[in-house]
Structure formats: C-alpha cells, structure tokens
S.K.: 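Can you keep this structure in mind? I'll have questions shortly.
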Amino acid sequence: MADVTVVDHPLVQHKLSIMRRKDTPTAKFRQLLNEISLLLGYEVTHDLAIEMRTITTPLTEMPAPFLSGKKLALISILRAGNGLLEGMLDLVPSARVGHIGLYRDPDTLVAVEYYFKVPDDLEDRPVIMLDPMLATANSAIAAVARIKEAGAKHIKMVCLLASPEGVEAFRQAHPDVPVYTAAIDSHLNDHGYIVPGLGDAGDRLYGTR
Ligand code: PRP
Ligand code: URA
C-alpha cells in the first residue's frame, strides 16, 4: 500500500486550527488554505525528477539542478480543490491544470461528475490531485479512477483533512496512490462529515450557505 503522510509542520497545524474555528470568516479561511497549500505543495513535490545542467554564475561555471521531465499536472476536484490550486501554482507556475467537477449527493454520499477537462497527455506526467476533504473518499476515489482512465500513472493525492474511514477506503481503492494530508481526524458522522473537521470546505471557501 502507498504511504499516507501527515504533514505535521507547526505552521500547517497552526493555520489549520484557525481554519477549523466556526467563526473564522471566509476571506481568512481562503487565505489560510492558500498558505497551507504552499506548505503541502513543498512536501508533495519533494521527489520531482531533477537533471543537472551547466550554468554560469558571476564567478564560475557549475553543474546546477533543474526540474526535468514532463511538466507536473495539478488536478483540482471542484469546487473546493480550487482552494489548494492557486498556492500550488505559485509554487510550480509551469504546471498543467485539469479540473474534475464532482459533488456529493447529500443522501447517498455518492460522487456525481458534472465536468471533466484535463491535459491530454497525462501518461508521462507526475499528477497531483487536489481536494481539501477526504471524508468517505467517494469523490477522491472516483476522481482518481477517471484520471487513471485518462492515462495517468504517477499520481499523488493532496488533501487538508482526512477521516480514518476515508483514508482506509482510498487506500483500498488506489493502493498505488500516496496521500498527503495535514491531519487525520476522529471519525465521520452520520451525514458523512469529518469530525471534528471544519464543516463544508466549499461553503466555507466561497461563502455559500
Ligand atoms: C466536498 C469536498 C470533497 C467531498 C469530500 O465536496 O470538497 O470533494 O465533499 O467528501 P467525500 O470524501 O465523502 O466524497 P462537495 O461534494 O461538497 O462539493 P463542493 O466542493 O462543490 O462543495
Ligand atoms: N465535505 C466537506 O466539505 N466536509 C466534510 O466534512 C465532508 C465532506
């Protein structure tokens, strides 16, 4: 089974705690998610391929490391995935970007797809999937399955919060896809919400509801 990495850096944990507070306003929530995405992005890109090229500094020539291979693809699971996307793009501005529109049916908790547009040459690219919440994991499981259908082979999943149930389900469904998260919370409630969690990530990010 692929790894689950909990990014327990103090800056991540501090920012996440503020996001969890129910009275944290939308603008602050959005700003913090953007900041955390930089820190998660740093972790999840730690093994990008590097090649050496000769450069000239003001003093001498030297072999210097540069990113190599095909450009990274970032896939945002709409809506809330977009809250992680901007920061990741600040970190890797040349990344290609895809979007998968999914919403969770509130009664069945099944993920329903309404949009799919991804770069058409995913086979050789490292692919990073973005969604702040891994609750039942139905959405992430469906999104990764679609990305695999589209040819992706080197996939990682980045979220902000996960449930133990979601992590287990995701790993069963996609044992080859490592997960990066800022925290694994206690459990899911009867409505499929992460507890203690932070509520509905999309609503908090965009001020709906
Ligand atoms: C939320 C969240 C995830 C999903 C997680 O999206 O952003 O995509 O729920 O739940 P799951 O692991 O049980 O599938 P939601 O369906 O509320 O859509 P939204 O992002 O458009 O608000
Ligand atoms: N989606 C969210 O936004 N929050 C949860 O706790 C579960 C699913």
Side-chain angles (χ1 to χ4, degrees), residues 2 4 6 15-30 32-34 36-37 40-41 44 74-88 97-118 127-148 155-175 177-209:
V4 177
V6 177
K15 291 173 194 295
L16 173 58
S17 297
I18 301 171
M19 292 182 74
R20 288 180 187 273
R21 284 189 181 137
K22 67 177 183 186
D23 51 1
T24 296
T26 298
K28 186 76 181 168
F29 188 93
R30 197 182 300 139
L32 288 164
L33 185 56
N34 184 61
I36 289 182
S37 70
L40 295 176
V44 72
L74 299 172
I75 310 291
S76 168
I77 302 177
L78 304 176
R79 285 179 296 173
N82 277 4
L84 290 169
L85 180 62
E86 293 307 319
M88 295 272 181
V97 177
H99 297 88
I100 304 182
L102 290 174
Y103 70 87
R104 241 178 29 151
D105 182 292
D107 298 321
T108 62
L109 304 183
V110 168
V112 182
E113 184 177 312
Y114 60 88
Y115 187 75
F116 186 81
K117 184 77 180 173
V118 299
V127 175
I128 299 179
M129 310 289 295
L130 305 172
D131 190 337
M133 310 303 274
L134 195 73
T136 63
N138 288 344
S139 305
I141 289 169
V144 171
R146 291 288 274 122
I147 287 297
K148 285 182 175 174
I155 308 171
K156 294 181 179 180
M157 178 77 215
V158 174
C159 55
L160 176 68
L161 273 187
S163 71
E165 298 91 331
V167 169
E168 179 60 23
F170 186 84
R171 294 182 85 198
Q172 290 293 337
H174 297 295
V177 179
V179 176
Y180 290 75
T181 183
I184 301 175
D185 274 8
S186 165
H187 63 280
L188 287 180
N189 70 12
D190 292 343
H191 304 287
Y193 275 84
I194 299 174
V195 181
L198 51 71
D200 186 299
D203 284 340
R204 297 206 59 191
L205 189 58
Y206 295 116
T208 43
R209 192 183 307 211

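Numbers for residues simply follow the sequence, beginning at 1. Both counts, for ligands and for their atoms, begin at 1 and track the order of listing.
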S.K.: More than 12 foreign heavy atoms under 6.0 Å from CG of D190: is that the case here?
M.R.: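 12 or below, so no.
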S.K.: Taking the side chain as everything from C-beta on, heavy atoms only, tell me whether S139 gets closer than 4.5 Å to R104.
M.R.: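 Result yes, sub-4.5 Å side-chain heavy-atom pair found.
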S.K.: What residue and heavy atom of the protein are closest to atom 13 (O) of ligand 1, and at what distance?
M.R.: T136 OG1, 2.5 Å
S.K.: Would you mind reporting whether S37 and N34 have side-chain heavy atoms less than 4.5 Å apart?
M.R.: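 Contact flag for N34/S37 side chains = yes.
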S.K.: Test your reading of the structure: does Y103 have an N or O sitting under 3.5 Å from an N or O of ligand 1?
M.R.: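 No, Y103 has no N/O under 3.5 Å of an N/O on ligand 1.
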S.K.: Which residue supplies the protein heavy atom nearest to atom 14 (O) of ligand 1, what is that atom called, and how far is it?
M.R.: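 The answer is S139 OG, 2.6 Å.
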S.K.: To which protein heavy atom is atom 20 (O) of ligand 1 closest, and what is the distance rounded to 0.1 Å?
M.R.: R79 N, 3.0 Å
S.K.: Within a distance under 4.0 Å of any heavy atom of A80, pick out the atoms of ligand 1 and give their elements.
M.R.: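 The atoms of ligand 1 under 4.0 Å from a heavy atom of A80 are 7 (O), 20 (O).
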S.K.: Specify the protein heavy atom at minimum distance from atom 3 (O) of ligand 2: its residue, its atom name, and the distance to 0.1 Å.
M.R.: A201 N, 2.8 Å
S.K.: Just checking, R79 and Y206: is the charged tip under 6.0 Å from the six-membered ring centre and within 45° of the axis?
M.R.: no
S.K.: Determine whether the side chains of T208 and D203 contain a donor N or O and an acceptor N or O closer than 3.5 Å.
M.R.: yes
S.K.: Among protein heavy atoms, which sits nearest to atom 9 (O) of ligand 1, and what does the distance come to when rounded to 0.1 Å?
M.R.: R104 CD, 3.9 Å
S.K.: Within the 4.0 Å heavy-atom shell around A135, which atoms of ligand 2 are there?
M.R.: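 Contacts of ligand 2 toward A135, numbered from 1: 7 (C), 8 (C).
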S.K.: What's the separation between atom CZ in R30 and atom CG in L205, rounded to the nearest 0.5 Å?
M.R.: 6.0 Å
S.K.: List ligand 2 atoms under 4.0 Å from G192, heavy atoms only on the residue side.
M.R.: 7 (C)
S.K.: What I want to know is whether Y114 and ligand 1 share at least one N or O pair that is separated by under 3.5 angstrom.
M.R.: no
S.K.: For A182 and L16, work out which heavy atoms get closest and say how close.
M.R.: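 In terms of heavy atoms, the two residues are closest at CB-CD2, 4.0 Å.
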S.K.: Please work out, at 4.0 Å between heavy atoms, whether the side chain, the backbone, both, or neither of D200 comes within that distance of ligand 1.
M.R.: side chain
S.K.: Side chains of M157 and D131, heavy atoms from C-beta outward: is any pair under 4.5 Å?
M.R.: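 Counting from C-beta outward, M157 and D131 do come under 4.5 Å.
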S.K.: Which of the numbered atoms in ligand 2 are below 4.0 angstrom from a heavy atom of R104?
M.R.: 7 (C), 8 (C)
S.K.: Answer whether the closest heavy-atom distance between the side chains of M88 and L130 falls below 4.5 Å.
M.R.: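 Result yes, sub-4.5 Å side-chain heavy-atom pair found.
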S.K.: For ligand 1, which atoms, with element, lie under 4.0 Å from some heavy atom of M133?
M.R.: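 Answer for ligand 1: 2 (C), 3 (C), 5 (C).
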S.K.: May I ask whether atom 17 (O) of ligand 1 is less than 4.0 Å from at least one protein heavy atom?
M.R.: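 Protein heavy atom within 4.0 Å of atom 17 (O) of ligand 1: present.
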S.K.: Please classify the A137 to ligand 1 contact at 4.0 Å (heavy-atom distances, strictly less than): side chain, backbone, both or neither.
M.R.: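 Just the backbone.
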S.K.: Report yes if the side chains of V195 and D185 come closer than 4.5 Å at any heavy-atom pair, otherwise no.
M.R.: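 Not touching, per the 4.5 Å side-chain cut-off.
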S.K.: Quick test: of every protein heavy atom, which one is nearest to atom 5 (C) of ligand 2, and how far off is it to 0.1 Å?
M.R.: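 Checked against all protein heavy atoms, atom 5 (C) of ligand 2 sits closest to Y193 CD2, 3.3 Å.
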S.K.: Can you confirm, on distance only, whether ligand 1 has an N/O atom lying under 3.5 Å from any N/O atom belonging to A140?
M.R.: no
S.K.: Hey, is ligand 1 close enough to A135 that some N/O pair sits below 3.5 Å?
M.R.: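 Between A135 and ligand 1 (N or O atoms, distance only) the closest approach is under 3.5 Å.
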S.K.: For atom 1 (C) of ligand 1, is the nearest protein heavy atom under 4.0 Å away?
M.R.: no
S.K.: Compare all side-chain heavy atoms of L102 with those of L78 and state whether any distance is below 4.5 angstrom.
M.R.: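 A side-chain contact is absent here, since even the closest heavy-atom pair is not under 4.5 Å.
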S.K.: Indicate yes or no: at least one non-hydrogen side-chain atom of M19 is less than 4.5 angstrom from one of T24.
M.R.: no
S.K.: So do T108 and N138 actually touch side chain to side chain, heavy atoms under 4.5 Å?
M.R.: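 No; the side chains remain at least 4.5 Å from each other.
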S.K.: Which protein heavy atom lies closest to atom 6 (O) of ligand 2, and at what distance to 0.1 Å?
M.R.: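 Going by distance alone, atom 6 (O) of ligand 2 is nearest to I194 N, 2.8 Å.
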S.K.: With a 4.0 Å heavy-atom cut-off (strictly under), which part of D131 contacts ligand 1: side chain, backbone, both or neither?
M.R.: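 Near ligand 1, D131 shows its side chain, while the N, CA, C and O stay back.
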S.K.: Which residue owns the protein heavy atom closest to atom 4 (N) of ligand 2, what's the atom, and how far is it?
M.R.: G199 O, 2.8 Å
